Amino acid sequence: QVQLVESGGGLVQAGGSLRLSCAASGIYFNIKTMNWYRQTPGKQRELVATITSGGSTNYDDSVKGRFTISRDNAKNTVYLQMNSLKAEDTGTYYCNVVNWGSAYWGQGTQVTVSS
């Protein structure tokens with residue numbers, strides 16, 4: 001049973017920072033590409049950042065230069081460091097992984113950026 005648990009969301013002023021965490025279980029974490037998505041009401045869930053098992057990263061243009069995805073394989077945890085936050089970063093952030101062809105999601109953690 002795959003389980004992803006996000007944490008670290010909160011309310012922050014524009015220009016501030018947050019670090020999100022996603023603790024994974026039920027998978028061989030070390031070989032998995034891990035992803036962060038966000039969703040705002042009325043908008044499609046969008047891929048924000050991804051990190052491969054080898055540590056290669058990709059970011060949506062809207063967060064490039066401000067967000068950093070990282071992983072700690074010893075802790076089976078992926079992180080999203082969010083700096084210089086903007087109001088448009090507001091949303092529910094979800095951790096995602098594909099295991100045996102099925103997509104798994106955490107419960108989400110809410111990030112609200114006030115301007």
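Predicted model only: the values in this text are computed from it and were never measured.
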**OP:** Evaluate the criterion side chain to side chain donor-acceptor pair (under 3.5 Å) for residue pair Thr92 and Gln110; output intermediate values, then yes/no.
**Re:** CA-CA 4 Å; Thr92 305; Gln110 178 65 36; 2.9 Å; yes
Subject >> Where at least one partner belongs to residues 24-115, residue pairs that pass disulfide bond (SG atoms under 2.5 Å apart), sequence neighbours excluded >> reply: Cys22-Cys95
Original post:
Got a sec, which pairs hit disulfide bond (SG atoms under 2.5 Å apart) with one end in residues 42-89, sequence neighbours left out?
Top reply: none
Subject >> Hydrophobic cluster partners of Trp105 (side-chain heavy atoms under 4.5 Å) >> reply: Tyr37, Leu47, Tyr94
**OP:** Kindly state each residue pair satisfying ring-ring contact (aromatic ring centres under 6.0 Å, His included) with at least one member in residues 39-87, sequence neighbours excluded.
**Re:** none
**OP:** With sequence neighbours excluded, tell me which residues meet side-chain contact (heavy atoms from CB on, under 4.5 Å) with Thr33.
**Re:** Asn35, Thr50, Thr52
Subject >> Distance (rounded to the nearest 0.5 Å) between Glu6 CD and Asn96 CG >> reply: 9.5 Å
**OP:** Could I get the full list of side chain to side chain donor-acceptor pair (under 3.5 Å) partners for Thr109, not counting sequence neighbours?
**Re:** none
Subject >> Residues in side-chain contact (heavy atoms from CB on, under 4.5 Å) contact with Thr40, at least two apart in sequence or another chain >> reply: Lys43
**OP:** Any pair with a residue in residues 49-64 that passes salt bridge (charged side-chain N to carboxylate O under 4.0 Å, His left out), sequence neighbours left out, goes on the list, sorted by first then second residue, please.
**Re:** none
Original post:
By side chain to side chain donor-acceptor pair (under 3.5 Å), which residues pair with Ser21, not counting sequence neighbours?
Top reply: none
Subject >> Nearest-0.5 Å distance, CD1 of residue Ile27 to CD of residue Gln1 >> reply: 13.0 Å
**OP:** Just grab all the disulfide bond (SG atoms under 2.5 Å apart) pairs involving residues 34-73, residues at least two apart or on different chains.
**Re:** none
Original post:
What pairs of residues pass the salt bridge (charged side-chain N to carboxylate O under 4.0 Å, His left out) test when at least one of them lies in residues 66-91, not counting sequence neighbours?
Top reply: Arg38-Asp89, Arg66-Asp89
Original post:
Looking at residues at least two apart in the chain, or sitting in another chain, which of them share a side-chain contact (heavy atoms from CB on, under 4.5 Å) with Val12?
Top reply: Leu18, Leu85, Val113
